[in-house]
Amino acid sequence: MTQEPAEEMTEYPLSVLLAPLPAPAEPADFDDFWRSTFREFGAGPVAWERTRELESTETHRVTEIRFSSSAGERAAAYVMLPQDADDIRRGVVVGHGYGGRTGPDPDRVPADTAAILPCAPGTHPGTASRFPAVPDEHVLAGIAHRDTYSHRFAVADVWRAATILLEIAPAASGALDFHGGSFGGGIGAMALPWDDRFRRAALDVPSFGNHDVRLTRRGTGSGEAVRRHLRSHPEVRPVLDYYDAAIAARRLRLPVQVSAAVLDPAVDPRGQFAVYHALSGPRRLGVRANGHLSGAIGEQADRLALQDGLDFLALPDERLE
């Protein structure tokens, strides 16, 4: 028996990626499902507590907190506040990749910005969770039903993180943004259509776009675990349609920047571009030479995309049209 290669390092021509693929079919009750999920988990106050003060940066005070997760457990987050509260001009919820996070990301938080950096359920080593931390296991946790899937709670905790940040830094109200990449980019695309507190978003190499395409390609990311799982459990395939970032992106009306790669061994570039093509509001596209690559060439692409996203979020409103 021939063993499949671990990945397909396909570099798509930009001309191909700029031509939209057929849009994925969506469940008839997609909107009802997500609106009810928001009512259940995204509305109302969220219990939280400070657990420790971390080393300050030149511009921000940094605090680690625990909060009541939508998953019915405690989740971790990091809050960064400008040294002088009068300096707050904006707020941002910062998503993370499927590697999780064990600390803040200061390079993602400008000096005038109050930020919260939540850890999706199961991804923080210091909090107990029913969801496994290993990405290939986390992406399958609860996948048998749309109500129990791990991604439902990762999305809902974006809303809960926003509630906490606006409680701590009310000056950010009206100027609240989202910034996330890979896992965080896809989760952000799913979270944002239902929460009108957000002003704009930057999504870098977003995952979970167009599962019909994503599941056809071997790779090094979490999509490979899903692709293999479906071989023996095809009955769970309809669940993924409720967690398709390209379907959710059709509902996005706020300004969005998508940074998408032409080569990516972990997240199919066609899925990344599908998120961009689906956007129905003001949008900008940043094209990356690569995504999810280690070494100097990958680090350079990451730096350029990060700065591109930060610049987009800092633009005056009149520059977005």
Side-chain angles (χ1 to χ4, degrees), residues 10 12 14-35 37-38 95 97-98 139 143 146 149-152 154-155 158 178-195 198 200-217 219 221-224 226-227 230 236-264 266-288 291-292 305 309:
T10 305
Y12 295 90
L14 181 57
S15 59
V16 170
L17 294 169
L18 289 177
L21 294 170
E26 61 184 57
D29 60 348
F30 185 89
D31 288 17
D32 290 341
F33 169 72
W34 279 111
R35 287 191 180 115
T37 297
F38 182 80
Y98 233 148
V139 76
I143 200 172
R146 67 179 191 179
Y149 192 29
S150 60
H151 289 183
R152 183 175 186 235
V155 167
V158 170
F178 180 86
H179 196 175
S182 193
F183 169 83
I187 293 297
M190 292 183 236
L192 294 168
W194 322 107
D195 192 339
F198 285 94
R200 65 181 77 158
L203 309 177
D204 185 25
V205 290
S207 190
F208 318 123
N210 197 333
H211 288 295
D212 287 342
V213 167
R214 179 174 179 255
L215 294 170
T216 65
R217 179 172 178 265
S222 63
E224 179 64 9
V226 176
R227 190 180 73 86
L230 288 177
V236 308
R237 175 62 185 85
V239 171
L240 295 177
D241 290 334
Y242 292 93
Y243 297 92
D244 192 314
I247 293 176
R250 297 176 193 169
R251 278 86 176 160
L252 275 175
R253 303 291 184 267
L254 73 170
V256 179
Q257 155 125 357
V258 172
S259 295
V262 298
L263 182 153
D264 194 319
V267 179
D268 193 313
R270 296 171 298 171
Q272 299 177 32
F273 277 81
V275 174
Y276 169 75
H277 290 307
L279 295 170
S280 57
R283 62 183 186 174
R284 291 197 178 191
L285 175 66
V287 178
R288 293 179 52 143
H292 294 93

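For Ala260, the side-chain contact (heavy atoms from CB on, under 4.5 Å) criterion is met by Val258, Gln272, Phe273, Leu285, not counting sequence neighbours. Residues satisfying the salt bridge (Lys or Arg N to Asp or Glu O under 4.0 Å) test with Arg200, not counting sequence neighbours, are Asp317.
Heavy-atom minimum distance, Asp241 versus Phe30: O-CE1, 3.5 Å. In terms of heavy-atom proximity, His277 sits nearest to Arg283 at O-NH1, 3.3 Å.
In summary, of the residues considered (Arg237, Arg270, Arg217), a salt bridge (charged side-chain N to carboxylate O under 4.0 Å, His left out) with Asp212 occurs for Arg237 alone.
Side-chain contact between Tyr276 and Leu203: absent, with no pair of heavy atoms (C-beta onward) separated by less than 4.5 Å. Contact check for Phe208 versus Tyr243: no side-chain heavy atoms found under the 4.5 Å cut-off. A heavy-atom distance below 4.5 Å is found between the side chains of Asp29 and Tyr242.
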query = Could you walk me through whether Ser280 and Arg251 pass the side-chain hydrogen bond (donor to acceptor under 3.5 Å, both in side chains) check?
reply = CA-CA 7 Å; Ser280 57; Arg251 278 86 176 160; over 6 Å; no
request  = Please step through salt bridge (Lys or Arg N to Asp or Glu O under 4.0 Å) for the pair Arg214 and Glu224, ending with a clear verdict.
outcome  = CA-CA 9 Å; Arg214 179 174 179 255; Glu224 179 64 9; over 6 Å; no
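With 3.5 Å as the limit, one finds no donor-acceptor pair spanning the side chains of His211 and Asp244. Between the side chains of Thr37 and Arg152, at least one donor-acceptor pair of N or O atoms lies under 3.5 Å.
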